[in-house]
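What follows is a single structure, written as structure tokens, with notes after it.
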Amino acid sequence: MNKGNKACKLEIADLTNEQARTWLIANDREAAEFWRTYPDDDLIGAVKDNLNSFGWENQLGEIIVSQPVKTDKIKIKTAELSGTALDWAVAKCEGRTITNDLGGAVWVKGRHEDGRELDGFDSVFKATDWIHGGPIIESGKIELRTKGNYWESVKRLENGGLSQQGKTPLIAAMRCYVACKLGNEVEVPSGVAGDENSPSRSASVRPKP
């Protein structure tokens, strides 16, 4: 079983300190560093004060937070990866911390230029966008060429090479990248399989944590 995350509505009084701190960091990003070291015994009160300061006091005592949930994993052939499943696999290959993989999009923790992670600055990771996939193709020296109605990617290795195909150059290249890192079959959460055409994949705003 694998742990993912989902947005849940909870009573403010029932929040754990960890949930309260995560909410404060995500919703008051200018003071994120302050909330990271804020005392545990006053986090719930800080959430209430924060809500009041933004005029959200009439929320019936409830708040939306991110909660871990258990999800089954299934095996998919690398040559068949697409959509959110492909995003998830590439994010794992890149060593990214996945914070939410439900709802048709893969969210990862932000990163400093030096590789350190940023709490409260999650973003959508889409392997088939050039902003994410392009640097991987370049650094991995993955070759691309058309072959009929599809694209073929090739990664040359000392003992030969690997190739994958796809309907776009990025799909072909990312499948090749995953094959090099994880092999010809990948375990992914069942919730990310079959999300290729999900409208949520174009979302630019993350659900409240």
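Predicted model, so just to flag it, every value in this text is computed and none were measured.
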Any chance you could measure Ser163, atom OG, to Glu143, atom CD, to the nearest 0.5 Å?
11.0 Å

Is any side-chain heavy atom of Asp122 closer than 4.5 Å to one of Asn100?
no

Shortest non-hydrogen contact between Arg96 and Lys109, atoms and distance:
NH2-O, 2.8 Å

Of the non-hydrogen atoms in Ala172 and Leu144, which two are nearest, and what is the gap between them?
CB-CD2, 4.4 Å

If you take all heavy atoms of Ala127 and Leu86, which pair is closest and at what distance?
CB-O, 4.4 Å

Output, in order, the C-alpha distance, side-chain angles, deciding distance and verdict of side chain to side chain contact (heavy atoms under 4.5 Å, CB included) for Cys176 and Glu152.
CA-CA 9 Å; Cys176 187; Glu152 183 175 54; over 6 Å; no

Between Ala20 and Ile44, what is the shortest heavy-atom contact and its length?
CB-CD1, 3.9 Å

Quick one: does Asn184's side chain get under 4.5 Å of Gln164's, heavy atoms only?
yes

Summary of ring pair (Phe, Tyr, Trp, His ring centres under 6.0 Å) pairs that have at least one residue in residues 144-181, sequence neighbours excluded:
none

Lys155 side-chain N/O to Gly140 backbone N/O, donor-acceptor pair under 3.5 Å:
yes

Looking at CD of Glu185 and CG of Leu81, how far apart are the two atoms once the value is rounded to the nearest 0.5 Å?
10.0 Å

Is the shortest side-chain heavy-atom distance between Lys141 and Arg156 below 4.5 Å?
no

Per side chain to side chain contact (heavy atoms under 4.5 Å, CB included), Phe125 is matched among Val90, Thr99, Ile98 by Val90

Can you tell me if Thr84 uses its side chain to pair, donor with acceptor, with the backbone of Val106 under 3.5 Å?
no

Determine whether Leu182 and Thr78 satisfy the following criterion, side chain to side chain contact (heavy atoms under 4.5 Å, CB included), listing intermediate values before the conclusion.
CA-CA 9 Å; Leu182 303 177; Thr78 303; 5.9 Å; no

Pro135 and Ile131: which non-hydrogen atoms are nearest, and at how many Å?
CD-O, 3.6 Å

Atom pair CG/SG of Leu157 and Cys180 - distance to nearest 0.5 Å
5.5 Å

Can you measure from CG (Leu43) to OH (Tyr38) and round to the nearest 0.5 angstrom?
7.5 Å

Do Val154 and Leu162 touch side chain to side chain, with heavy atoms closer than 4.5 Å?
no

State, to 0.1 Å, how close Lys181 and Cys93 come at their nearest heavy-atom pair, and which atoms those are.
CB-SG, 3.5 Å

Met174 side chain near Ile137 side chain, heavy-atom distance below 4.5 Å
yes

